[in-house]
Amino acid sequence: MIDQPRIEMAIVPSTSRYQDLAQSIAEDLGIQLVPVDAATPADLAERVLLVDLTAALPAQSLGHRVVAISEDLELECFEVVPPGQLRERLPRALHNLVEMERLRARVEQEQSTVRLLNEIGLALSAITEREALLEAILAHARSVLSADAGTIYLTDGQELIFSAAQNDTVRFKGKSEQTRLSIDDASLAGFVAHRNTILNIDDVYQIPDQMPYQPNFSFDKTSGYRTRSMLLLPMTDHSGGVLGVLALVNRKPVPGVPLADFSLCMPFSSRQAELAQSIASQAAVALDNYRLFENIRNLFDSFISAAVTVIEARDPSTAGHSQRVAHLTVELAKACEASPGAFEEVSFDAQELEELRYASLLHDFGKVSVREEVLLKANKLFPWELERIEWRFRVATVQAELEWIARGQPGDFVPDQLQADLELVRRMNSPGYRFGEQDVHALRVLAQRWLLSENEPVVSNQEMTRLCIPRGSLDPEERREIERHVEHTYQFLKCIPWTDGLSKVPDLAHAHHEKLDGTGYPLGLSGGSIPLGSRLMSVADIFDALTAGDRPYKASMPVERAISILRAEVDAGHLMGDAVEVFVQSQLWDRIGLSASLS
């Protein structure tokens, strides 16, 4: 299809008395006279017919590829030559027909080439994964050029890295022994990259010794393969820089079919070299676009990392939380995909995993809007609130001592009760202290016992309310402020013009605090209305929050205890049980450097 069009001629019937004349004309035209029943694939040769109607049944329509020998000048064909004018007119008629067929075949060839290059360009432009892109470049190039094998080298500084290979005859496994080549004249690929030129070699075993480059035959020796013809082309970017080298090996009669005999290998024609240049150029554009895509993605990843760093810098005790949650969530998604049962029909492609990773990395970004004193609140009272209470107790101590002296009590004043009451306040201030009704009663009594003035107890009503927070360190308003970080995260992420493949990032992050029974926030979603990725993220988020290093408001927890809490959340209807069990069975905590002894 890509070489000069080959034209054949056949004469009908095969018993025609003009066989010798037809053979002579065919030789003059440089074409082959073949039997009419010879099987030749249409993509290898075009065929014209010489029909001798003096020895065959007449027909009204013979077609535009037929020269007829007949007295009937009304026949529908390319040209009719009467038997009496054969010597004068037949050579010219066949010459015109053959040239017309050559031109037609050449036009079809060019149209096919343009169409093929467009198809290759479209195919390559749609690929965003490096390995898939390299494999596609090789597959298209080998198919179009009927190459049995091919290799791609990519530049890395002053070296070429062996990056991809395909071979129809010997199934290629792994990398070549020589995975790196210097960009110099010593090797074939190095020479092409160094000189930015093409090498078209008919037989690599016949390269003269005086040539600066020499092939490496190690693959032939170890595999029994026989490299003959090679076509090597530089892949250059818009500025002429060499991105890599495309090497095609052993042109063969039929593409895609393993070689049974290496003697069937043919050299690559100059026409093929031109087409290969076009393919190499398209490959270079695709590689350049891929590198640009990678640079943009790396830039975006850097922005995400910087944003996460800013968030976690406000609370150093949570450093690494977002990265660990992202890692655990993606690993949990992969583990679920590989698990039978509830996840039998679940699958995540590379784009969906990337989407889930970004959502997990940014799930807490909205905390940037939370007041720092609330975000870092370690105890039920803010430090300055406890300090005020302690000062009041000091004043109350002075007042009690003065009263002791005024009443003329013997001995020194010992503020035992004041000290005991202050210790109760300090215990109640800790989120880890599990207080009871007796403690609450004692707190109310001490507030009435020690008055700095008629309306000023040592512990105010607001402070008493804070000290009686049943769980954690936040009062209801502070907890709502923390919970609003999810909404702030969503509003921030909605401002980013995500690509189609990442469009669900805001929704995934928005729902990571939802619960299966509908008691979560901020939307109150339940069951299947919560995106699967968000449900997986919830498991990872809770686990890391429980097991992470000591935080101001809690100590780190052993993996075994964290698993018990996850299962309790499942029993309470909050978390997805199947996801938690996959998490446990896969022991995903190993991926973040934790260990556990599970019985």
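Everything numeric here is computed off the predicted structure, so don't read it as measured data.
Gln399 places a side-chain N or O within 3.5 Å of a backbone atom of Leu452 that can act as its donor or acceptor partner. Checked by atom type and distance alone, the side chain of His488 never pairs as donor or acceptor with a backbone atom of His485 at under 3.5 Å. The main-chain N or O of Asp475 is found under 3.5 Å from a side-chain atom of Glu478 such that the two form a donor-acceptor pair. Asn429 places no side-chain N or O within 3.5 Å of a backbone atom of Val425 that could act as its donor or acceptor partner. Checking side-chain atoms of Ser163 against main-chain N and O of Ile161 turns up a donor-acceptor pair under 3.5 Å. Looking at Glu385, its side chain does come within 3.5 Å of a backbone N or O of Phe382 through a donor-acceptor pair. The backbone N or O of Asp349 lies less than 3.5 Å from a partner atom in the side chain of Glu352, making a donor-acceptor pair. The backbone N or O of Arg426 lies less than 3.5 Å from no partner atom in the side chain of Ser430, so there is not a single donor-acceptor pair. Remark: side-chain polar atoms of Thr151 are not paired, donor with acceptor, to backbone N or O of Ala165 under 3.5 angstrom. With hydrogens and angles ignored, the 3.5 Å screen pairs no side-chain donor or acceptor of Asp288 with any backbone N or O of Ala284.
Under 4.0 Å is where a charged nitrogen must lie from a carboxylate oxygen, and between Glu337 and Lys334 no such pair does. Taking the charged nitrogens against the carboxylate oxygens, Arg480 and Glu483 have no contact shorter than 4.0 Å, which rules out a salt bridge. Salt bridge Glu463/Arg466: absent, no basic N to carboxylate O contact under 4.0 Å. Note on Lys494 versus Glu487: no salt bridge recorded, every NZ/NE/NH1/NH2 to OD/OE distance being 4.0 Å or above.
His510 and Tyr490 have parallel rings, their planes meeting at less than 30° on a 0 to 90° scale where 60° marks the start of perpendicular. Taking the six-membered ring for Trp and thresholds of 30 and 60 degrees, Phe365 and Phe492 have nearly parallel ring planes, at less than 30 degrees apart.
Here the closest non-hydrogen pair linking Val459 and Met464 is CG1-N, 3.8 Å. When every heavy atom of Arg392 is checked against every heavy atom of Ser460, the shortest pair comes out as NH1-N, 4.3 Å. Nearest heavy-atom pair across Val245 and Ala193 is CG2-CB, 3.8 Å. Between Leu443 and Leu467 the shortest heavy-atom distance is CD2-CB, 3.9 Å. Residues Ile183 and Gly157 approach most closely at CD1-O, 3.8 Å, considering heavy atoms. Scanning both residues, Phe435 and Cys468, for their nearest heavy atoms gives CZ-O, 3.5 Å.
For the salt bridge (charged side-chain N to carboxylate O under 4.0 Å, His left out) test with Glu481, the passing option among Lys377, Arg371, Lys367 is Arg371; the others fail.
Atom CG of Leu246 sits about 10.5 Å away from atom CG of Leu154, to the nearest 0.5 Å. A distance of 5.5 Å separates CG in Leu508 from CE in Met537, rounded to the nearest 0.5 Å. Interatomic distance, OG of Ser182 versus CD of Glu159, reported as 5.5 Å (0.5 Å rounding). Summarising the geometry, atom CD1 belonging to Ile389 is positioned 5.0 Å from atom CG belonging to Leu381; distances are rounded to the nearest 0.5 Å. Within the model, atoms CG of Leu575 and CG of Leu536 stand 10.5 Å from one another, a figure rounded to the nearest 0.5 Å. Rounding to the nearest 0.5 Å gives a distance of 10.0 Å between CG of Leu361 and CG of Leu356.
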- request: Any chance you could lay out the side-chain contact (heavy atoms from CB on, under 4.5 Å) test for Ser538 and Glu514, step after step, and finish with the verdict?
  value: CA-CA 8 Å; Ser538 296; Glu514 301 292 344; over 6 Å; no

query: Step by step, would you call Ile469 with Leu474 a side-chain contact (heavy atoms from CB on, under 4.5 Å)?
result: CA-CA 7 Å; Ile469 293 172; Leu474 303 176; 5.7 Å; no

- request: Decide side-chain contact (heavy atoms from CB on, under 4.5 Å) for Val582 and Asp578; before the verdict, give the C-alpha distance in whole Å, the side-chain angles of both, and the deciding distance to 0.1 Å.
  value: CA-CA 6 Å; Val582 169; Asp578 293 309; 5.5 Å; no

message: One pair to check against side-chain contact (heavy atoms from CB on, under 4.5 Å): Phe543 and Leu588. What are the steps and the verdict?
response: CA-CA 10 Å; Phe543 178 84; Leu588 295 182; over 6 Å; no

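Geometrically, Arg388 does not engage Trp391 in a cation-pi contact defined by less than 6.0 Å to the ring centre and at most 45° from the axis.
Within a 6.0 Å radius of CZ in Arg471, no more than 12 heavy atoms belonging to other residues, nucleotides or ligands are found. By the neighbour-count criterion of 12 heavy atoms within 6.0 Å, atom CG of Asn298 is densely surrounded, having more than that number from other residues, nucleotides or ligands. In this structure, Asn461 places its CG atom where only 12 or fewer heavy-atom neighbours from other residues, nucleotides or ligands lie under 6.0 Å away. Heavy atoms from other residues, nucleotides or ligands lying under 6.0 Å from CD of Glu477 number more than 12. For CD of Gln417, the number of neighbouring non-hydrogen atoms (other residues, nucleotides, ligands) closer than 6.0 Å is greater than 12.
A heavy-atom distance below 4.5 Å is not found between the side chains of Trp589 and Thr547. You'll find the side chain of Leu134 reaches within 4.5 Å of the side chain of Leu287, heavy atoms only. At a threshold of 4.5 Å between non-hydrogen side-chain atoms, the residues Phe393 and Leu446 count as touching. Looking at Asp237 and Arg291, their side chains never come closer than 4.5 Å, going by heavy atoms from C-beta outward. Residues His512 and Thr489 form no side-chain contact, since every pair of their non-hydrogen atoms from C-beta on lies 4.5 Å or further apart. Side-chain contact between Met428 and Asp439 is present, with heavy atoms from C-beta onward closer than 4.5 Å. For the pair Val584 and Arg567, the minimum side-chain heavy-atom distance is below 4.5 Å. Side chains of Ser526 and Asp517 form no contact here, defined as non-hydrogen atoms less than 4.5 Å apart.
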